[in-house]
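This report refers to the structure that appears directly beneath it.
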Amino acid sequence: MQDQIGSTGYGDWRLVSASDAVSLGYGFPYPSSLPSDDLVTVTEAVLADEGEHVLQYGGGSYTEQLTDFLVERAQSSDIDCDPSNILLTNGGTRAIDVVCRAFLEPSDSLIVEGPTFMGAISVFRNHGVEIDSFDVDTDGLDVDAVAEELRTREREGREIPKLLYTIPNFQNPTGVTLSLDRRNRLLELADEYDFVLIEDDAYGDLRYTEHELPTLKALDDTGRVVRIGTFSKTIAPGVRTGWIIANNEIVEALRKLNAGGTNTFTRSLVAHYCTTGKLDEHIEELRDVYEERRDRILHALETHMPPAAEWTEPEGGFFVWVTLPIHIDTEEMLHDAAENGVTYLPGSMFFPTDEGSNSLRLSFSYVPLDELERGIAALGRTVRERL
């Protein structure tokens with residue numbers, strides 16, 4: 001097994017691999033979910049309709065249709081939005097980076113959930129800022145702890161963070177969802193202490209229940225929320241197409257920093273795919289399939305894990321977060337787990353500081369269904385050996 005995982009970069013997780021082991025570390029869509037045939041069809045249609053125009057600088061008419069589609073989608077979620085509020089980017093992580101370049105300078109500070117998306121941590125570190133993390137529980141970010149920290153900083157005359165980054169729906173890596181009360185309280189704090197909220201909703205469409213909470217942007221009446229979305233989880237990671245929704249002034253500032261724009265050809269294909277209804281049909285299928293996978297991994301955890309282990313029960317997305325007794329180091333345990341037949345991502349990879357050593361992230365999105373049971377059985381054996 002390649003076991004030099006560390007916590008120094010976004011790509012470190014790719015080193016966590018072992019032959020013949022069930023790889024529960026990959027937060028990828030499952031391979032057969034990728035709509036290859038539909039993408040071939042839309043590619044042929046776009047080339048037939050627009051020929052040389054779609055392949056030239058600037059693209060053809062389909063290029064602009066994607067913005068219109070995103071506006072309609074935002075409005076259907078009660079977000080006040082028009083084309084001037086949309087900025088397309090080359091993926092969600094690129095969107096995070098553009099927002100950071102607009103708002104942050106070295107030595108500034110920002111707040112994140114602990115744990116949080118390791119790709120975002122890498123981006124924030126690249127900007128040389130101080131990263132303060134706050135605990136996550138079954139209702140999401142501990143907003144009361146954030147409020148207490150902000151009060152302390154104000155009382156002591158210390159700098160207030162410029163940004164707060166949150167994944168409110170089916171969070172990566174824990175799978176938990178930020179409650180409505182905490183969403184409202186977070187918006188109150190942003191207004192009171194004058195900071196901007198980055199709402200990363202990469203998994204929001206992949207919910208398994210009918211109950212849908214309003215987005216932070218839909219609740220935002222002061223323009224403090226910058227909302228980020230991506231097609232990586234609902235179409236394919238390879239299309240590298242994301243977007244930002246924010247007020248006009250912020251979008252204009254971001255547009256100047258988004259050098260290179262987006263791939264107009266890919267943008268045209270995605271637009272045709274979305275506007276012909278294929279995306280909505282595909283999302284419904286994905287919800288059913290991922291719900292089945294979620295149910296399978298939760299049942300396997302209940303069957304094979306010792307009573308000392310705890311885990312989240314997500315209502316959407318790709319991930320389950322497992323917490324083990326404090327004396328178990330999941331980074332050290334990974335080698336034994338791989339020998340037993342499973343790999344995962346250690347929890348320490350999802351914190352900006354030295355935390356999470358007794359936790360781990362499992363992804364149920366990628367491996368075949370029949371391997372989920374085998375992988376969790378191997379994990380259970382490994383944990384019992386450690387206990």
Does R224 come within less than 4.0 Å of E188, counting only side-chain N to carboxylate O? no
Heavy-atom neighbours of E315 CD exceed 12 at 6.0 Å: no
Walk me through whether E373 and H304 qualify under side chain to side chain donor-acceptor pair (under 3.5 Å). CA-CA 9 Å; E373 181 88 20; H304 297 289; 2.6 Å; yes
Between D137 and R182, is any pair of side-chain heavy atoms under 4.5 Å apart? yes
Could you check whether S84 and D82, counting side-chain N and O atoms only, form a donor-acceptor pair closer than 3.5 Å? yes
Is the closest side-chain heavy-atom distance between P173 and Q171 below 4.5 Å? yes
State whether the side chain of R185 and the backbone N or O of D144 hold a donor-acceptor pair below 3.5 Å, judged by distance alone. no
Any idea which heavy atoms bring V112 and F124 closest together, and the distance? CG1-CE1, 3.6 Å
Heavy-atom closest contact (K233 atom, L286 atom, distance): O-CD1, 3.9 Å
Contact check, side chains of T323 and N358, non-hydrogen atoms, under 4.5 Å: yes
Return yes if some donor-acceptor pair links the side-chain N/O of S363 with the main-chain N/O of G25 below 3.5 Å, else return no. no
Can a donor-acceptor pair be found, under 3.5 Å and without considering hydrogens, that links the side chain of N258 to the backbone of L88? yes
Rounded distance (nearest 0.5 Å) linking atom CD1 of I96 with atom CG of D200: 4.5 Å
Would F28 end up clustered with V22 when hydrophobic side chains under 4.5 Å apart are linked, directly or stepwise? yes
I need the T152 OG1 to E156 CD distance, nearest 0.5 Å. 6.0 Å
Determine whether L180 and V136 fall in the same hydrophobic cluster, where Ile, Leu, Val, Met, Phe, Trp and Tyr are linked whenever their side-chain heavy atoms lie under 4.5 Å apart. no
Restricting to non-hydrogen atoms, name the atom on A308 and the atom on L387 that form the minimum distance, rounded to 0.1 Å. CB-CD1, 4.3 Å
Would you say that L360 contacts M333 through its side chain, given a criterion of any heavy-atom pair below 4.5 Å between the two side chains? yes
Over 12 foreign heavy atoms within 6.0 Å of CG, D37: no
Drop me the distance from R293's CZ to E291's CD, to the nearest 0.5 angstrom. 13.0 Å
Are any side-chain N or O atoms of Y208 and backbone N or O atoms of G317, one a donor and one an acceptor, separated by less than 3.5 Å? yes
Using 0.5 Å steps for rounding, measure from the CG atom of D205 to the CG atom of D280. 8.5 Å
Judged by atom type as modelled, is there a donor-acceptor pair below 3.5 Å linking the side chain of N169 to the main-chain atoms of T177? no
Whether the side chain of Y273 engages the backbone of P35 through a donor-acceptor N/O pair (distance < 3.5 Å, no angle test) should be reported. no
Please verify the inter-ring angle class for Y366 with Y26; under 30° counts as parallel, over 60° as perpendicular, anything in between as tilted. perpendicular
One thing to verify: whether R227 and D220 come together as a salt bridge, which I'm taking to mean a side-chain N less than 4.0 angstrom from a carboxylate O. no
Indicate the atoms forming the closest heavy-atom contact of L216 with P168, along with that distance. CD1-CG, 4.4 Å
Passes side chain to side chain contact (heavy atoms under 4.5 Å, CB included), E199 versus L197? Steps please. CA-CA 6 Å; E199 176 186 28; L197 292 170; 5.9 Å; no
Are any side-chain N or O atoms of Q65 and backbone N or O atoms of H272, one a donor and one an acceptor, separated by less than 3.5 Å? no
Please evaluate residues T230 and T241 with respect to the criterion side chain to side chain contact (heavy atoms under 4.5 Å, CB included), reporting the C-alpha separation (whole Å), side-chain torsions for both, the decisive distance (0.1 Å), and the verdict. CA-CA 6 Å; T230 177; T241 304; over 6 Å; no
To the nearest 0.5 Å, atom OG1 of T67 lies from atom CD of E72 at 11.5 Å
Check this for me, if you would: do R381 and E339 make a salt bridge, where the nitrogen-to-carboxylate-oxygen distance has to be below 4.0 angstrom? no
Count the heavy atoms of every other residue, nucleotide or ligand shown that sit under 6.0 Å from CG of D354, and state whether that count exceeds 12. no
Whether R287 and E284 form a salt bridge (side-chain N of Lys/Arg under 4.0 Å from carboxylate O of Asp/Glu) is what I want to check. yes
Is E302 atom CD crowded by more than 12 heavy atoms from other residues, nucleotides or ligands, each under 6.0 Å away? no
Check the orientation of Y290 and Y30. Use parallel for under 30°, tilted for 30 to 60°, and perpendicular for over 60°. perpendicular
Flag the pair E130 and R153 as a salt bridge only when some basic side-chain nitrogen lies within less than 4.0 angstrom of an acidic carboxylate oxygen. yes
Just wondering, do N263 and V239 contact through their side chains at under 4.5 Å, heavy atoms? no
Nearest-0.5 Å distance, OG of residue S365 to CG of residue L206: 9.5 Å
Can you tell if the side chain of E113 reaches within under 4.5 Å of the side chain of L141, non-hydrogen atoms only? yes
So do D97 and H127 actually touch side chain to side chain, heavy atoms under 4.5 Å? yes
Is there a salt bridge (Lys or Arg N to Asp or Glu O under 4.0 Å) between R386 and D336? Walk through the geometry before answering. CA-CA 9 Å; R386 289 278 166 157; D336 292 341; 2.8 Å; yes
Would you say W311 and V342 are hydrophobically clustered, going by side-chain heavy atoms of ILVMFWY under 4.5 Å? yes
Is there side-chain contact between W321 and P115, with at least one heavy-atom pair below 4.5 Å? yes
Could you check whether atom CD of E105 has more than 12 heavy atoms from other residues, nucleotides or ligands sitting under 6.0 Å from it? no
What verdict does the side chain to side chain contact (heavy atoms under 4.5 Å, CB included) test give for I376 and L362, after you've listed the backbone C-alpha separation in whole Å, the side-chain angles of each residue and the deciding distance to 0.1 Å? CA-CA 9 Å; I376 298 303; L362 301 174; 3.7 Å; yes
Any donor-acceptor N/O pair, E50 side chain to S61 backbone, under 3.5 Å: yes
Would you confirm whether R94, through its side chain, and G242, through its main-chain N or O, come within 3.5 Å as a donor-acceptor pair? no
Any chance the rings of F319 and Y203 have centres within less than 6.0 Å? yes
Are S268 and T63 linked by a side-chain donor-acceptor pair shorter than 3.5 Å? yes
Could you see if L164 belongs to whatever hydrophobic cluster contains I167? Use Ile, Leu, Val, Met, Phe, Trp, Tyr and a side-chain cutoff under 4.5 Å. no
Closest approach of I250 to G223 (non-hydrogen atoms, all atoms of both residues): CD1-O, 3.9 Å
Distance only, no hydrogens: is a donor on one side chain within 3.5 Å (strictly under) of an acceptor on the other, for D191 and T222? no
Give the C-alpha distance, both sets of side-chain angles, the deciding distance and a yes or no for side chain to side chain contact (heavy atoms under 4.5 Å, CB included) between L110 and F195. CA-CA 9 Å; L110 61 82; F195 61 85; over 6 Å; no
Derivation of the salt bridge (Lys or Arg N to Asp or Glu O under 4.0 Å) call for E371 and R296: CA-CA 10 Å; E371 290 193 11; R296 185 72 67 90; over 6 Å; no
Give a yes or no on whether the backbone of L178 and the side-chain of R183 come within a donor-acceptor separation of less than 3.5 Å. yes
Give the cluster check for L187 versus I228: same hydrophobic cluster or not, with ILVMFWY residues linked at side-chain heavy-atom distances below 4.5 Å. no
Closest heavy-atom contact between R255 and I86? NH2-O, 3.5 Å
